Amino acid sequence: MNLPLIGPISFTDFKHPGFFVFFILVAALIVLYILVQRARAQRMLRFANMELLESVAPKRPSRWRHLPAILLVLSLTLFTIAMAGPTNDVRIPRNRAVVMLVIDVSQSMRATDVEPSRLAAAQEAAKQFADQLTPGINLGLIAYAGTATVLVQPTTNRDATKAALDKLQLADRTATGEGVFTALQAIATVGAVIGGGDGPPPGRVVLMSDGKETVPSNPDNPKGAYTAARTAKDQGVPISTVSFGTPYGYVEINDQRQPVPVDDEMLKKIAELSGGDAYTASSLEQLKEVFTSLQEQIGYETIKGDASVGWLRLGSVILAAAALAALLINRRLPG
């Protein structure tokens, strides 16, 4: 049997709260039952001869005689709740969403502070994300450094995405804003041709990077990362950012060690401006956990589902119990 709602109930959990007016009828039945019981007791007290009263009612009435009425009232209460249309949260897989995975392939991703390297770990975790993502979601892939390139247009073919991830190549500079703008354009293009709904499919950008934007130098410039994040907000496309790496990363450039510490703050600001969430990871295991969390968040949506069946079943069981108790205790149906 499906159990009724668990936890606090409010009127916003019901589709037809107007049916709660029937609680007035339930309350009236309770009052009527009490009045009938009192009237019955008063009629019995009219016998002046107590010996005659004992012969008419040799036994004191058992309190169990009220059980059928109590069960009847309880069943009516449950039926009223069922008619009011209780709801509960139901998670269902998304089938029309478009997700763009945007990965930084700048030279700092060569750092080995995350074994075997930041890029290799990102490739492994991203392929896991592609495998776990709800099959009906369209997943695309963008790689960016100084420029952004769409490697895979949004598709449900996960093999294409995984094959492209294996071929990622490092390049110079970091144009985060261009990566986001390219993703937004891909989402808009695919959204214009995907049917099956009243509006465009929901979009999401998953941006994974380890460092600060270098092109342009000011993220508030027209092509900067913060401008792109605000544009994403305007288009209703949240950006989930994943900052990946440690403060101790470095790369070798011309035989010199160049520090490339992870920059969490810029990615947090991008997520905040777009209405998305920011995540951090400093190991492959943490990165996989982040992508698993993202898959759960992106791959499913929570809707209000009908929960009245549980209340109806429970009410029916208690109503049957009321009838059985009446036959066993009072030798008649409650009423």
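Predicted, not measured: the structure shown is a model, and the values here were computed from it.
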Item to check | Distance-only polar pair, side chains of Thr231 and Gln235, donor-acceptor under 3.5 Å | outcome: no
Next on the checklist: Nearest 0.5 Å, please: how far is CG in Leu284 from CZ in Phe244?
Outcome noted: 6.5 Å
Next on the checklist: Is it true that, when you exclude Tyr248 itself, more than 12 heavy atoms of the residues, nucleotides or ligands shown sit nearer than 6.0 Å to its OH?
Outcome noted: no
Checklist entry - Would you call Glu178 and Thr147 a side-chain contact if the rule is heavy atoms closer than 4.5 Å? => result yes
Item to check | Validation row: Asp113, Val262 side chains within 4.5 angstrom (heavy atoms) | outcome: no
Checklist entry - Is Lys223 atom NZ crowded by more than 12 heavy atoms from other residues, nucleotides or ligands, each under 6.0 Å away? => result no
Checklist entry - Got Val73 and Tyr33 here, is their nearest side-chain heavy-atom distance under 4.5 Å? => result no
Item to check | pair Leu294-Val242: side-chain heavy atoms closer than 4.5 Å | outcome: yes
Next on the checklist: Once you measure the plane-to-plane angle for Phe20 and Phe14, does it fall in the parallel (<30°), tilted (30-60°) or perpendicular (>60°) bin?
Outcome noted: perpendicular
Checklist entry - What closest approach, in Å, do Pro222 and Thr227 show between heavy atoms, and which atom pair accounts for it? => result O-CG2, 3.4 Å
Checklist entry - Do Arg204 and Ser240 have side-chain atoms, one donor and one acceptor, less than 3.5 Å apart? => result yes
Item to check | Greater than 12 external heavy atoms within 6.0 Å of Glu252's CD | outcome: yes
Checklist entry - Hey, does Ile103 have a side-chain heavy atom less than 4.5 Å from the side chain of Tyr144? => result no
Checklist entry - Heavy-atom distance under 4.5 Å between the side chains of Val206 and Phe291, does that happen here? => result yes
Checklist entry - side chain to side chain donor-acceptor pair (under 3.5 Å) with Arg173: which residues, sequence neighbours excluded? => result none
Next on the checklist: For a quick check under 3.5 Å, do Thr280 and Asp264 share a side-chain donor-acceptor pair by atom type?
Outcome noted: no
Checklist entry - Is it the case that Thr292 and Glu296 place a side-chain donor and acceptor less than 3.5 Å from each other? => result no
Checklist entry - Is the closest side-chain heavy-atom distance between Met208 and Phe129 below 4.5 Å? => result no
Item to check | Shortest non-hydrogen contact between Ala126 and Leu101, atoms and distance | outcome: CB-CD2, 3.8 Å
Checklist entry - Hey, are the side chains of Arg118 and Asp104 touching, using non-hydrogen atoms and a 4.5 Å cut-off? => result no
